[in-house]
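First the structure, then my questions, so here it is.
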Amino acid sequence: MAQGTLFVLSGPSGVGKGTVLEHLFADYDGINYSVSMTTRDPRPGEVEGEDYFFVGRSKFEKMIDNDELIEYACVHGNYYGTPRHYVEKTLHRGQDIILEIDIQGANQVRELFPEAVFIFLQPPSLQALDKRLQKRGSESPEAREIRLENARKEMAEVDKYDYVILNDKLDKAVEKLKNVIELEKNRRKK
Ligand code: 5GP
């Protein structure tokens with residue numbers, strides 16, 4: 001059986017990757033989602049096993065040692081990683097899967113899965129990104145400043161990606177992402 005296709009959605013922190021995916025999955029079930037593992041605390045409303053698998057540092061480090069993550073990164077002081085088992089099982093079954101990960105993680109996936117489809121979600125501007133982070137209200141001004149500085153560096157990575165989607169209007173970004181997924185699915189089945 002043909003392997004499924006691996007899609008990677010990446011972009012600076014706060015650009016809205018999670019929101020775009022949430023809206024995509026509201027009316028589209030053509031792709032599986034890989035739930036990441038993290039050592040950060042859950043935010044209000046986040047659900048274990050849906051938003052993330054929330055684990056302690058020692059459990060995370062054990063997963064790294066056992067090679068149970070296909071990639072991981074330390075983002076703003078917390079670990080985030082993609083559990084290997086679900087991704088590989090899904091691809092072997094011939095089904096497609098999407099990862100929502102940061103840019104360091106995407107670089108690691110590129111080494112392991114060069115045939116994956118890499119999609120960069122771009123904020124309209126750094127000012128817009130700062131506004132979005134302020135609105136979310138989950139970071140202190142200092143933490144926001146670090147995220148913005150990182151975003152500045154991360155924007156320079158855009159050329160490594162197969163597709164760039166501007167997250168200016170949410171509905172449009174969701175539609176474009178769906179189009180990219182459908183396009184690649186059809187292209188690869190040929
Ligand atoms: P947040 O704490 O806002 O949920 O996520 C912070 C950053 O970590 C976001 O840029 C998000 O895309 C990234 N992230 C989430 N899951 C993973 C993962 O499994 N691996 C990597 N490398 N980054 C992740």
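Read the numbers this way: they start at 1 and go in the same order the structure lists the ligands and their atoms.
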Do me a favour and list the nearest non-hydrogen protein atom to atom 16 (N) of ligand 1 with residue, atom name and distance?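 Result: Ser36 OG, 3.1 Å.
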
So is there a nitrogen or oxygen of Asp102 less than 3.5 Å from a nitrogen or oxygen in ligand 1?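 Yes, since at least one N or O of Asp102 sits under 3.5 Å from an N or O of ligand 1.
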
Shortest non-hydrogen contact between Tyr163 and Glu184, atoms and distance: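 In this case the closest contact between Tyr163 and Glu184 is OH-OE2, 2.6 Å.
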
Within-shell test, Gln104 vs ligand 1, heavy atom, strictly < 4.0 Å: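 Judged by the 4.0 Å heavy-atom criterion, Gln104 does not count as contacting ligand 1.
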
Identity and separation of the nearest protein heavy atom to atom 9 (C) of ligand 1: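 Protein heavy atom with the smallest distance to atom 9 (C) of ligand 1: Lys17 NZ, 3.8 Å.
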
Are Phe25 and Val174 connected into the same hydrophobic cluster when the rule is that any two of I, L, V, M, F, W, Y join if their side-chain heavy atoms are below 4.5 Å apart?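 Yes, because Val174 and Phe25 connect within a single hydrophobic cluster, where side-chain heavy atoms sit under 4.5 Å apart.
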
Less than 3.5 Å between some nitrogen or oxygen of Met37 and one of ligand 1, yes or no?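 No, there is no polar N/O contact under 3.5 Å.
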
May I ask you to list the atoms of ligand 1 that are less than 4.0 angstrom from any heavy atom of Arg40?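 Ligand 1 atoms under the 4.0 Å threshold to Arg40: 1 (P), 2 (O), 4 (O).
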
Nearest protein heavy atom with distance in Å, relative to atom 14 (N) of ligand 1: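 In this structure, atom 14 (N) of ligand 1 has Tyr80 CD2, 3.8 Å as its nearest protein heavy atom.
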
Which segment of Glu71 sits under 4.0 Å of ligand 1 when only heavy atoms are counted: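 The part of Glu71 near ligand 1 is the side chain, not the backbone.
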
Ser13, any N or O under 3.5 Å of ligand 1 N or O: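 Ser13 vs ligand 1: no N/O contact under 3.5 Å.
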
With salt bridge (Lys or Arg N to Asp or Glu O under 4.0 Å) as the test, would you mind laying out the steps for Lys135 and Asp130 before giving the verdict? CA-CA 9 Å; Lys135 209 166 126 198; Asp130 190 31; over 6 Å; no

Does the side chain of Leu121 reach to within under 4.5 Å of the side chain of Asn167, using non-hydrogen atoms?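 They are in contact (side-chain heavy atoms under 4.5 Å apart), so the answer is yes.
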
Show me the pairs that pass side chain to side chain donor-acceptor pair (under 3.5 Å) and involve residues 97-109, at least two apart or across chains.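 Qualifying pairs, neighbours excluded: Asp102-Gln104, Asn107-Arg110, Asn107-Glu157, Asn107-Lys160.
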
Shortest protein contact, atom 7 (C) of ligand 1 (heavy atom only):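 Nearest neighbour among protein heavy atoms for atom 7 (C) of ligand 1, to 0.1 Å: Val75 CG1, 3.9 Å.
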
Give the residue, atom name and distance (to 0.1 Å) of the protein heavy atom nearest atom 3 (O) of ligand 1.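 Result for atom 3 (O) of ligand 1: Arg43 NH2, 3.0 Å.
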
Going by the order shown, which atoms of ligand 1 are within less than 4.0 Å of some heavy atom of Gly105?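 Within the 4.0 Å cut-off of Gly105, ligand 1 contributes 22 (N).
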
Does the N or O separation between Tyr52 and ligand 1 drop below 3.5 Å for any pair?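 The answer is yes, given that Tyr52 and ligand 1 share an N or O pair closer than 3.5 Å.
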
Heavy-atom pairs closer than 4.0 Å: do any link ligand 1 to the side chain of Glu46, the backbone, both, or neither?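 Neither part.
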
Applying ring pair (Phe, Tyr, Trp, His ring centres under 6.0 Å), which residue pairs with at least one partner in residues 90-110 are found, sequence neighbours left out?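 As it turns out, there is no ring pair (Phe, Tyr, Trp, His ring centres under 6.0 Å) pair with a partner in residues 90-110 once direct neighbours are skipped.
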
Counting non-hydrogen protein atoms only, what is the nearest one to atom 12 (O) of ligand 1? Give residue, atom name and distance.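 Looking at atom 12 (O) of ligand 1, the protein heavy atom closest to it is Glu100 OE2, 2.4 Å.
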
Relative to Phe54, does Arg40 satisfy both conditions: NZ or CZ under 6.0 angstrom from the six-membered ring centre, and within 45 degrees of the ring's axis?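 No - Arg40 does not lie over the ring of Phe54 by the 6.0 Å and 45° rule.
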
To check you understand the geometry: which heavy-atom pair defines the closest contact between Pro12 and Leu129, and what is its length?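 For Pro12 versus Leu129, the nearest heavy atoms are CB-CD2, 4.1 Å.
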
Number the atoms of ligand 1 from 1 as they appear, then name those within less than 4.0 Å of a heavy atom of Ala73, with their elements.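 This gives 22 (N) as the contact atoms.
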
Between the side chains of Glu182 and Tyr28, is a donor N or O closer than 3.5 angstrom to an acceptor N or O?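 Checked: Glu182/Tyr28 side chains pair up, N/O donor to acceptor below 3.5 Å.
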
Identify, by atom number and element, the atoms of ligand 1 in contact range of Thr82, meaning under 4.0 Å from any of its heavy atoms.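 Answer, ordered by atom number: 19 (O).
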
Compare every heavy atom of Ile101 with every heavy atom of Glu71, then report the nearest pair and how far apart it is.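 Heavy-atom minimum between the residues: OE2-CG2, 3.6 Å.
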
Test side chain to side chain donor-acceptor pair (under 3.5 Å) on Gln95 and Thr90; report intermediate values, then the result. CA-CA 5 Å; Gln95 291 184 5; Thr90 305; 5.5 Å; no

